[in-house]
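Following: one structure in structure tokens, then a few remarks.
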Amino acid sequence: MNGSRVLVLNSGSSSVKYQLLDMADGSRPASGIVERIGEGPVADHAAALKQVADELAAQGLGLDSPELAAVGHRVVHGGTRFTEPTLITDEVVEEIEKLIPLAPLHNPANVTGIKVARALRPDLPQVAVFDTAFHSTIPEAAARYAIDVATADRWGVRRYGFHGTSHAYVSRATAALLGKDPAAVNTIVLHLGNGASASAVRGGVCVETSMGLTPLEGLVMGTRSGDIDPAAIFHLSRVGGMSTDEIDTLLNKRSGLAGLCGDNDMREIGRRMGEGDQAARLAFDIYIHRLRKYVGAYTAVLGRVDAIAFTAGVGENSAAVREAAMRDLTAFGIEVDGVRNALRSATARLISTESSRVAVAVVPTDEELEIAGQTFDLVSA
């Protein structure tokens with residue numbers, strides 16, 4: 001293998017994001033996004049990938065470049081079949097397609113992106129990196145739901161977890177920030193964006209995560225409810241007369257912060273709170289309450305917590321969320337320095353006090369770098 005560059009593709013239902021990373025020097029020669037697929041000139045994913053290829057070629061970085069070593073594809077759901085980065089073959093594509101029922105909104109677009117990219121460069125190694133893979137190490141006691149085993153196994157009902165590339169990267173970067181080997185550090189990672197998830201990572205290995213069969217479970221999110229009594233679904237169906245699709249839309253698109261106060265942007269919620277808006281205040285309090293519950297639960301799971309890492313859009317940028325989530329946790333050995341927390345920075349940093357037994361950190365996530373690294377390591381080997 002002569003090249004050192006990896007093209008990372010994230011094919012969504014209506015967009016394709018891309019980054020070209022050079023693993024030799026850490027540079028990023030190109031990045032971009034093609035949006036509104038299916039509208040106007042971008043008729044489908046084939047047209048979108050063609051546009052990506054054209055944009056790269058215009059910069060002298062075309063897909064035919066000898067410096068391009070591989071393409072890394074983000075794939076949302078790997079089920080129990082894919083637990084590590086995987087070199088893409090026809091058989092692998094077929095297996096990913098079989099997992100579409102577990103991720104009907106995401107895997108179809110991921111597969112389409114893979115097929116188009118392989119058609120454009122059939123000679124180039126292409127690798128699938130799965131959102132669920134990092135969480136495949138959680139023990140059966142955490143992965144299993146307490147339902148009939150035969151039914152669960154037949155339909156693949158278990159905890160898979162998501163945002164895995166982010167949790168993997170951030171847990172490792174947190175250890176580096178502390179100057180320690182990841183194997184020596186127990187970390188709670190809080191990936192707080194429009195989608196939000198928590199994980200408990202013991203010595204570099206994930207042992208628990210908040211998202212489950214789908215990305216709906218767990219923390220309060222921008223438009224998703226997170227944890228809810230399953231019987232609420234039956235109640236909405238039987239008493240409310242709502243269809244399965246209507247309930248699905250409610251819980252995934254009309255819940256969370258948006259459902260509580262009409263806004264899913266934490267910046268806007270903060271502004272409204274400052275004006276005395278009680279609906280915004282309640283939404284914020286519910287969000288924080290759920291977050292603190294998971295921090296407490298994962299402290300019990302890990303037994304010893306060395307670090308708590310905030311990442312993603314809200315985690316990296318909202319000092320108010322970090323302060324509220326960590327408030328009055330001195331009994332857990334957690335103390336946040338108000339001045340450090342208020343400072344904004346694009347680099348990983350500690351926001352805990354010097355006396356805090358648990359390091360509290362803000363660690364910008366880099367899922368593209370994680371995908372590129374896993375892809376490059378696999379094709380190099």
Side-chain angles (χ1 to χ4, degrees), residues 1-12 15-35 37 42 45-76 78 82 84-90 92-93 96 106 109-131 133-134 163-170 172-173 176 311-312 346-348 363-381:
M1 185 178 69
N2 298 318
S4 60
R5 291 177 176 173
V6 176
L7 176 62
V8 175
L9 294 177
N10 182 352
S11 300
S15 68
V16 173
K17 298 177 184 177
Y18 69 91
Q19 276 198 26
L20 183 66
L21 299 92
D22 195 317
M23 306 312 292
D25 59 15
S27 64
R28 306 188 190 215
S31 65
I33 181 171
V34 179
E35 299 182 281
I37 296 174
V42 189
H45 281 77
L49 266 295
K50 176 67 164 51
Q51 184 171 322
V52 170
D54 291 344
E55 290 178 5
L56 291 170
Q59 302 174 63
L61 304 167
L63 294 183
D64 58 350
S65 168
E67 296 179 327
L68 186 60
V71 178
H73 295 267
R74 178 198 180 213
V75 180
V76 167
F82 298 107
E84 56 189 16
T86 303
L87 193 66
I88 296 172
T89 63
D90 291 344
V92 168
V93 173
I96 296 173
H106 299 94
N110 300 157
V111 168
T112 301
I114 288 171
K115 288 181 175 179
V116 174
R118 292 182 78 205
L120 289 172
R121 277 298 305 270
D123 59 312
L124 193 68
Q126 305 207 24
V127 174
V129 178
F130 299 89
D131 271 14
F134 183 65
H163 295 146
T165 51
S166 178
H167 287 276
Y169 176 85
V170 170
R172 199 169 56 250
T311 193
T347 60
V363 181
T365 191
D366 197 334
E367 295 177 84
E368 290 77 16
L369 179 58
E370 182 69 21
I371 292 170
Q374 291 189 29
T375 297
F376 192 73
D377 288 347
L378 180 60
V379 299
S380 297

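- The side-chain heavy atoms of Ile37 and His45, taken from C-beta on, include a pair separated by under 4.5 Å.
- Here the side chains of Val75 and Thr86 are not in contact, with every heavy-atom distance at 4.5 Å or above.
- Side-chain atoms of Arg118 and Gln126 form no donor-acceptor pair, as typed in the model, at a separation below 3.5 Å.
- One finds the CG atom of Leu7 at 10.5 Å from the CG atom of Leu120 (value rounded to the nearest 0.5 Å).
- In this structure, Ser65 contributes its side chain and Leu61 its backbone to no donor-acceptor pair below 3.5 Å.
- A donor-acceptor contact under 3.5 angstrom links the side chains of Glu370 and Gln374, judged on distance only.
- Taking Arg5 as the reference, Asp22, Glu67 meet the salt bridge (charged side-chain N to carboxylate O under 4.0 Å, His left out) condition, with sequence neighbours excluded.
- If you take CG on Leu124 and CG on Leu63, they are separated by 8.0 Å, rounding to the nearest 0.5 Å.
- Nearest heavy-atom pair across Ala69 and Gly3 is CB-O, 3.5 Å.
- Of all the heavy atoms in Tyr18 and Leu56, the pair that sits closest is CE1-CD2, 3.9 Å.
- The backbone N or O of Asp131 sits nowhere less than 3.5 Å from a side-chain atom of His167 that would complete a donor-acceptor pair.
- Annotation for Phe376 and Met23: closest pair CG-CG, 3.7 Å, computed over non-hydrogen atoms.
- In this structure, NE2 in His73 is found 11.0 Å from CZ in Phe130, a value given to the nearest 0.5 Å.
- Of all non-hydrogen atoms in Gly113 and Ser11, the two that sit nearest each other are CA-OG, 3.4 Å.
- No side-chain heavy atom of Glu367 sits under 4.5 Å from any side-chain heavy atom of Val170.
- Annotation: side chain of Arg121 is not in contact with side chain of Val71 (no heavy-atom distance under 4.5 Å).
- Here the side chains of Asn110 and Ile96 are not in contact, with every heavy-atom distance at 4.5 Å or above.
- For the pair Thr375 and Pro85, the minimum side-chain heavy-atom distance is 4.5 Å or more.
- Asp54 pairs by the salt bridge (charged side-chain N to carboxylate O under 4.0 Å, His left out) definition with Lys50, not counting sequence neighbours.
- In this structure, Arg28 CZ and Leu369 CG are separated by 5.0 Å, a value rounded to the nearest 0.5 Å.
- Of all heavy-atom pairs between Leu87 and Pro125, the closest is CD1-CB, 4.2 Å.
- Heavy atoms only, all atoms of each residue included: Pro364 and Thr347 are closest at CD-C, 3.9 Å.
- With hydrogens and angles disregarded, no donor-acceptor distance shorter than 3.5 Å links the side chain of Thr365 to the backbone of Val363.
- Counting heavy atoms from C-beta outward, Val6 and Val379 have side chains that stay 4.5 Å or more apart.
- Looking at Leu20 and Leu68, their side chains come closer than 4.5 Å, going by heavy atoms from C-beta outward.
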